[in-house]
Amino acid sequence: MTANPFLDADRVRHDLYADADRITQRTSALARAKTTGAHPATVIADLAATGLHGTVLDIGCGRGTTTLALAERLTPPTLIAFDQSAALLAETEHRLAGYLGVKSMRGDFHAIALPNSSVAVAVAAFCLYHSPQPAAVMAEIARCLAPGGLSITVTKSADSYRTLDEVIAASGLDPEATSRPSLYETFHSHNQADVVATCLDVQQVVHHEHRFRFTDADHIAAYAATNPKYQLPYDADEIAKRLRKTIGDGPLETASTVTYVVASRR
Ligand SMILES: C[S@@+](CC[C@H](N)C(=O)[O-])C[C@H]1O[C@@H](n2cnc3c(N)ncnc32)[C@H](O)[C@@H]1O
């Protein structure tokens, strides 16, 4: 197993995204905690609306939250939801049933089975940090883009949720929580624009500060139990019990920067 679970291809395929449950629990615990920060799907759709009209490709679409926003805001002639997880693609298809022109494509984003210059807008949100070589994925995106086509990539800061790491370490639940590599180590807020610039012209870099307040130990545990950074051999109830005994019943405030890079093909 590699030190960073987000770069462990087996875990990414067979554990983290094998079904929709884990990502849904993780996303909903975070969404309940959010106090500041625009919804990324809305920001992405607004940025994408400035691109060429034509085929839109949503790479690493997951459960289709961004795909749905793109369908509603852009009504493109063709919208391709792309992911390697069959279960998440099925969820996206279900959520987008009824929208015209939506197709799903299963594959690895290191080798996208689309012709050269066939895509007007490509989105890759919260997924390129699963590649040990995100520049190779950017080269694939650049190959697929039509001249003048737009790429929108999105990731988080390497220090995201740092105070949560500190609490998990201080509680003794996972003393190494603060010394592990960031989940976002290969593609994060501060290297994203440089990686994109290896093959596209960067037009815009936007940083949004997102703030979170977990109300109590149960809320912290619901998120921590699904975060693969931690090595927690307990379920959420047990994590909450141990948190209450060691560091108390919360609340806990934490933060993450979400960074959007808009780039175009020469
Ligand atoms: C956090 S989810 C993305 C969420 C989605 N983009 C959104 O904005 O709601 C990360 C996604 O990347 C996908 N993924 C990870 N590695 C991949 C690869 N090598 N090729 C294609 N998809 C991959 C996972 O299956 C998962 O659905």
Side-chain angles (χ1 to χ4, degrees), residues 2 4-31 34 37-48 56-74 79-96 104-114 121-141 144 151-156 160-161 182-188 192 208 210 223 226-229 256 258-261:
T2 57
N4 181 347
F6 268 19
L7 296 176
D8 181 330
D10 269 358
R11 282 201 71 187
V12 168
R13 249 188 235 113
H14 304 301
D15 176 12
L16 303 185
Y17 304 112
D19 63 46
D21 290 354
R22 184 172 182 141
I23 187 172
T24 305
Q25 189 187 340
R26 187 162 172 221
T27 312
S28 76
L30 255 189
K34 180 105 114 10
H39 198 299
T42 309
V43 178
I44 293 165
D46 286 346
L47 293 170
V56 175
L57 172 64
D58 186 14
I59 298 166
C61 64
R63 297 181 54 246
T65 304
T66 298
T67 328
L68 197 53
L70 291 167
E72 285 184 351
R73 178 86 167 78
L74 273 64
L79 172 57
I80 305 171
F82 184 98
D83 204 284
Q84 74 177 2
S85 164
L88 296 187
L89 272 181
E91 175 95 358
T92 296
E93 282 165 17
H94 178 69
R95 292 177 79 187
L96 277 103
S104 64
M105 183 182 280
R106 190 172 176 205
D108 182 337
F109 50 42
H110 295 91
I112 301 168
L114 287 173
V121 177
V123 171
F126 307 112
C127 59
L128 294 198
Y129 44 62
H130 288 302
S131 172
Q133 289 181 302
V137 186
M138 285 313 307
E140 265 301 84
I141 292 173
C144 293
S151 145
I152 298 159
T153 53
V154 189
T155 192
K156 300 185 188 186
S160 291
Y161 319 118
S182 166
L183 294 173
Y184 315 108
E185 69 175 318
T186 63
F187 197 67
H188 52 77
Q192 180 178 200
H208 283 180
H210 287 222
Y223 178 67
T226 64
N227 188 326
K229 183 171 190 179
S256 168
V258 172
T259 302
Y260 305 82
V261 171

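Atom set for the values below is all heavy atoms of this structure, side chains included, hydrogens, waters and symmetry mates excluded. Remember, it's 1-based here, ligands and their atoms both numbered in the order they're listed. Numbering of residues begins at 1 and proceeds along the displayed sequence.
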With heavy atoms under 4.0 Å as the rule, classify the contact between [X] and ligand 1 as side chain, backbone, both or neither.
| X | result |
| --- | --- |
| Cys61 | backbone |
| Phe109 | both |
| His130 | side chain |

Is it true that Thr67 lies under 4.0 Å from ligand 1, counting heavy atoms only?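 No, Thr67 has no heavy atoms under 4.0 Å from ligand 1.
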
Give a yes/no on ligand 1: does Ala124 have at least one heavy atom closer than 4.0 angstrom to it?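 No, Ala124 has no heavy atom closer than 4.0 Å to ligand 1.
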
Do me a favour and list the nearest non-hydrogen protein atom to atom 22 (N) of ligand 1 with residue, atom name and distance?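 Ranked first by proximity to atom 22 (N) of ligand 1 is Gln84 N, 3.4 Å.
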
Name the closest protein heavy atom to atom 21 (C) of ligand 1, giving the residue it belongs to and the distance to 0.1 Å.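 Atom 21 (C) of ligand 1 sits closest to the protein heavy atom Gly107 O, 3.3 Å.
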
I need the atoms of ligand 1 closer than 4.0 Å to a non-hydrogen atom of [X], numbered in the order shown.
| X | value |
| --- | --- |
| Ser85 | 25 (O) |
| Ile23 | 1 (C), 2 (S) |
| Ala125 | 3 (C), 5 (C), 6 (N), 8 (O) |
| Thr66 | 7 (C), 8 (O), 9 (O) |

Work out which heavy atom in [X] is nearest to a heavy atom in [Y]; give both atom names and the distance.
| X | Y | answer |
| --- | --- | --- |
| Val154 | Val258 | CG1-CG1, 3.7 Å |
| Cys61 | Asp83 | N-OD2, 3.2 Å |
| Leu128 | Pro134 | O-CB, 3.9 Å |

Rounded distance (nearest 0.5 Å) linking atom CG of Leu74 with atom CG of Leu79: 8.5 Å

Glu91 (side chain) donor-acceptor with Ala20 (main chain) under 3.5 angstrom: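 Side chain of Glu91 to backbone of Ala20, a donor-acceptor pair under 3.5 Å: no, none is there.
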
State, without any angle test, whether Thr67 and Asp58 hold a side-chain donor-acceptor pair at a distance under 3.5 Å.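 Judged by distance alone, the side chains do pair up.
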
A student comparing Asp108, Val154, Val12 should find that the heavy atom closest to atom 19 (N) of ligand 1 comes from Asp108

Neighbour count >12 (heavy atoms, 6.0 Å) for atom NE2, His94: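 It does not: His94 NE2 has 12 such atoms or fewer within range.
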
